[in-house]
There are 2 protein chains.
Amino acid sequence: MLSEFDLIKQYFRRARAGNAVLGIGDDCALLAPTPGMQTAISTDMLIEGRHFFAGADPRMLGHKCLAVNLSDLAAMGARPVGFTLGLSLPGVDPEWLEAFSNGMFALADLHDCELVGGDTTRGPLAVCITVFGEVAPGHALRRDAARAGHDIWISGTLGDARLALAGYWKELAIDREQHALAATRMHMPEPRVALGRALAALPVAHAALDISDGLVGDLAHILDASKVGATLGVDALPPGPALARQPLALRRRFTLAGGDDYELCFTVPSSQRDAVLAAAAMAHTPVTRVGTIDAQPGLRLVDAAGKALQMDVKGWDHFGEE
Amino acid sequence: MLSEFDLIKQYFRRARAGNAVLGIGDDCALLAPTPGMQTAISTDMLIEGRHFFAGADPRMLGHKCLAVNLSDLAAMGARPVGFTLGLSLPGVDPEWLEAFSNGMFALADLHDCELVGGDTTRGPLAVCITVFGEVAPGHALRRDAARAGHDIWISGTLGDARLALAGYWKELAIDREQHALAATRMHMPEPRVALGRALAALPVAHAALDISDGLVGDLAHILDASKVGATLGVDALPPGPALARQPLALRRRFTLAGGDDYELCFTVPSSQRDAVLAAAAMAHTPVTRVGTIDAQPGLRLVDAAGKALQMDVKGWDHFGEE
């Protein structure tokens with residue numbers, strides 16, 4: 001009989017010199033913070049049937065559970081340091097555990113982010129990761145730092161994850177290859193850690209967050225926290241490669257209110273466009289300028305000709321009526 | 001319709017100046033570590049029907065979910081700083097949320113431990129807390145620090161939580177008032193934070209952990225990590241007030257392998273008995289000397305006369321056959 005402790009050792013304890021003074025296996029892990037740096041902390045709870053499908057590929061699931069947390073560090077401009085894993089499993093399945101931990105560690109290693117503690121129990125499949133990073137005081141990308149006159153930028157592309165979901169839900173008939181292309185974005189999001197860190201290093205005011213619930217809903221958090229408004233060029237929003245082949249109405253809807261994008265939305269003074277492009281190049285991450293922050297409250301959507309658009313969009317809300 | 005964001009704001013966001021530079025409401029919380037201190041981190045996942053009964057009192061549940069995490073900080077000798085909360089709920093029940101958050105915050109305030117981040121979602125009832133504390137380098141109470149000649153000590157009393165469970169499970173017929181007394185220990189464990197910090201301040205080698213899965217199973221982690229053995233005086237183990245009225249065989253079984261005790265088990269050189277008693281007095285926490293660490297591997301159980309006892313005991317294992 002494989003005990004809880006054997007489980008943790010076998011799949012999650014690794015013999016590597018990491019960032020921790022003391023890793024998994026004691027009551028707590030011990031980290032030695034870099035002198036003068038602040039600690040950034042975020043947590044995400046993912047539930048089977050809600051955040052991922054029952055029977056989801058465990059390797060991709062391991063990747064995604066950590067990716068959504070790293071995306072929060074990216075959105076603060078923090079350097080990843082470590083994470084803890086709370087894992088509730090219906091049973092002990094060695095193949096599943098191996099694939100899940102491999103997917104998770106492949107991404108963790110890419111970002112030099114160490115698993116420092118965990119708790120494994122029997123129960124409905126649920127994954128709760130808490131991630132820690134470091135950022136220099138005054139350099140974190142906060143939601144309350146947007147100012148009138150800032151440009152609004154988006155990393156990468158939007159909407160392919162939502163398109164993939166539409167395919168799974170049979171909301172739309174989507175070509176098989178196009179669906180597979182879109183599904184990659186849904187299952188294997190790429191946290192924009194390098195871009196976040198490059199933006200945090202810029203010596204100007206900036207706000208940022210990661211787009212997980214749909215751009216409109218998430219941008220509203222920046223507008224609320226910063227007490228500003230915005231004008232968004234809907235047709236400037238970069239659709240994912242699969243969504244780009246869909247009709248305009250769907251492109252608009254899924255780029256504005258998709259969900260599961262895990263791209264950064266950030267605001268920077270318009271005088272700093274060259275600096276933003278240089279930071280993006282350094283981070284090997286495409287960025288697109290999609291609008292401006294206004295003093296006037298509220299969000300205004302405009303088309304390519306600058307004409308106002310009336311659209312009914314809302315964010316993805318885990319307690320809302322979807 | 002109460003949205004996810006409203007939920008978090010209403011019950012879990014509080015307007016108090018705490019330890020965090022930036023609290024709930026951004027992509028990450030920001031903490032400023034005390035210069036020169038190490039960060040201790042632990043995480044626990046609690047599932048309805050596994051770690052607590054379906055329909056459990058939400059106020060006591062809020063207390064217990066944080067208490068078991070603070071107990072891990074106590075076992076490292078760390079000062080609590082903050083925690084994150086991952087909460088999966090079958091639905092939005094304002095009364096439940098109010099009671100749960102009140103129970104959690106009452107304990108958090110007692111230990112000056114601030115909620116710095118969270119994630120709330122719909123799903124099976126599950127609570128995942130990650131807790132952060134601080135400890136001076138070299139002072140953490142590690143499992144690998146037990147040495148031959150150390151005394152083994154226990155804080156408080158053992159076994160009442162297990163006795164309460166036996167009552168709920170109808171393994172035993174227990175007097176109603178006695179059961180209520182025992183149940184308090186099961187539902188409202190008291191993390192031994194003050195004792196852990198006082199022990200960590202002693203200028204001697206020491207090992208510690210918190211007893212959550214039963215003394216024998218947990219002590220084995222110290223013995224394994226420190227590569228030592230131990231002799232335990234079974235009848236020296238302090239039973240809880242309800243268990244104390246039960247027959248000897250049950251007292252022995254539930255103090256040795258109860259589960260859910262959340263007391264500290266720690267080892268200190270025998271030359272330091274007075275220092276241990278002074279630390280315990282300062283922390284207002286009773287402690288009992290219950291055995292010795294030996295160079296010879298393995299765990300030996302002896303009775304009050306020092307005679308060897310053969311008992312079949314095992315730790316509480318969430319994947320074992322219970």
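Note: hydrogens, waters and symmetry copies are ignored here, and every other heavy atom, side chains too, is used. These numbers come from a predicted model, not from an experiment. By convention in this document, chain letters (A, B, ...) are assigned in the order of the sequence lines, proteins followed by strands, and residues within each chain are numbered from 1.
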Derivation and outcome, side-chain contact (heavy atoms from CB on, under 4.5 Å), residues A:Ser42 and B:Asp27: CA-CA 7 Å; A:Ser42 183; B:Asp27 295 284; 5.9 Å; no
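In this structure, the separation between CD1 on B:Ile41 and CD1 on A:Ile41 is 7.0 Å, given to the nearest 0.5 Å. Of the inter-residue distances, the one linking A:Gln38 atom CD with B:Cys28 atom SG reads 12.0 Å to the nearest 0.5 angstrom. Separation of atoms CG (B:Asp119) and CD1 (A:Ile129) is listed at 11.5 Å; rounding is to 0.5 Å. We find the NE2-CG distance between B:His139 and A:Leu30 to be 12.5 Å, quoted to the nearest 0.5 Å.
Interface remark: of the candidates A:Gly117, A:Pro124, A:Ala40, A:Ala225, A:Ala40 forms the most heavy-atom pairs closer than 4.5 Å to chain B. Of the residues considered (B:Gly49, B:Gly86, B:Ala74, B:Pro35), B:Gly86 shows the highest number of contacts with chain A, using heavy-atom pairs under 4.5 Å.
Put simply, the residue from B:Thr120, B:Thr121, B:Leu87 that forms a side-chain contact (heavy atoms from CB on, under 4.5 Å) with A:Met45 is B:Thr121.
For chain A, no part of B:Val131 is nearby; none of its heavy atoms comes within less than 4.5 Å. No part of B:Leu46 comes within reach of chain A, as not one of its non-hydrogen atoms sits under 4.5 angstrom from that chain. In this structure, no portion of B:Ile222 lies under 4.5 Å from any heavy atom of chain A. In this structure, the portion of B:Ala208 lying under 4.5 Å from any heavy atom of chain A is its backbone and not its side chain.
Summarising the geometry of B:Thr130 relative to A:Thr130, their closest heavy-atom pair is OG1-OG1, 2.8 Å, with the distance given to 0.1 Å. What you find for A:Arg122 and B:Arg50 is that their closest heavy atoms are O-CD, 3.3 Å.
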